[in-house]
Amino acid sequence: MSAIQKQAWFHLAVIGVTVVAVAVALPWLGPGAQGFLGLLGVLPLGMMFLRRRGGDVVTDERDAAIHQQAARIGFAVVWVVLIAGAMSAWGVYGDGGAVPVPVVMLAVWVAFMVLIAATAIATLVLNARG
Amino acid sequence: MSGNPADGVRNQIRRLRFERGEMTQEELARRVGVTRQTIIALEAGRYAPSLPLAFRIARAFGVPIEDTFQYDDGVSPTS
């Protein structure tokens with residue numbers, strides 16, 4: 001498994017654990033369950049898979065091309081999710097309604113997680129395809 | 001990355017590896033400065049290398065680049 005594949009799996013694992021933690025804590029803590037979103041702070045540790053080890057090649061031009069394409073796909077997915085979210089808010093709260101601030105904050109966090117997850121999945125798929 | 005990953009580029013990497021004392025993918029990767037996964041993708045025709053990488057691979061085998069990589073886009077060369 002290449003370094004960027006390991007990093008992608010790590011990102012997916014962190015997001016998975018975060019989503020599960022928030023979902024499990026929600027019945028007990030209510031809106032306070034959003035505190036478990038702090039687990040996302042572990043994501044930068046994924047860089048440890050990309051550190052140089054002696055003279056070994058960790059990433060190369062193919063990995064860079066995959067990362068670039070995966071990032072494009074990730075941003076495209078986030079854009080679609082954000083538009084869908086905005087349209088849903090319009091449907092839920094109506095023309096004259098107001099979106100609660102916690103919902104807006106949660107939307108930002110969800111968009112961030114969707115970006116990381118979509119990029120990671122795209123990285124794994126592109127790696128498998130070539 | 002296009003729909004056709006190798007963009008019509010074919011290569012003789014696997015054959016050249018075995019003709020040079022069964023060089024491993026790992027050894028070739030180390031010589032040309034890429035990961036083993038890239039060599040695997042090249043041999044499977046799932047990835048087209050950049051020009052510098054193509055030259056490095058050809059030099060690693062000690063053969064001209066045309067003996068290592070061939071380009072076939074279905075258009076006959078003009079005489």
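Letters go in sequence order (proteins before strands), and every chain restarts at 1. Owing to the predicted nature of the structure, the values given are computational and were not obtained by experimental measurement.
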With a cut-off of 6.0 Å (strictly less than), are more than 12 heavy atoms of other residues, nucleotides or ligands near [atom1] of [X]?
X       : atom1 : answer
B:Arg36 : CZ    : no
A:Phe75 : CZ    : no
B:Arg20 : CZ    : yes

Below 4.5 Å, heavy-atom pairs only: which of B:Val34, B:Ile40, B:Leu42 has the largest tally toward chain A? B:Val34
B:Thr35 pairs by side-chain contact (heavy atoms from CB on, under 4.5 Å) with which of A:Val58, A:Thr59, A:Val57? A:Val57
When hydrophobic residues are tied together by side-chain contacts of less than 4.5 Å, even through go-betweens, does [X] share a cluster with [Y]?
X        : Y        : value
A:Ile121 : A:Phe112 : no
B:Ile57  : B:Leu51  : yes
A:Ile83  : A:Trp90  : yes
A:Ile116 : A:Trp109 : yes
A:Val99  : A:Val92  : yes

Please report the closest heavy-atom contact between B:Tyr47 and A:Glu61, naming both atoms and the distance. OH-OE2, 2.7 Å
Output for pair (A:Ile66 CD1, B:Thr38 OG1), nearest 0.5 Å, gives 7.5 Å
Roughly how far, to the nearest 0.5 Å, is the CG atom of A:Asp63 from the CD atom of B:Gln37? 7.5 Å
Okay, side chain of B:Arg46, backbone of A:Ala128: is any donor-acceptor separation there less than 3.5 Å? yes
What part of A:Asp56 is in contact with chain B, defined as an atom under 4.5 angstrom from a non-hydrogen atom: side chain, backbone, both or neither? neither
With a 4.5 Å heavy-atom cut-off (strictly below), which parts of residues 1-40 of chain A touch chain B? List them by number. A:Met1, A:Ser2
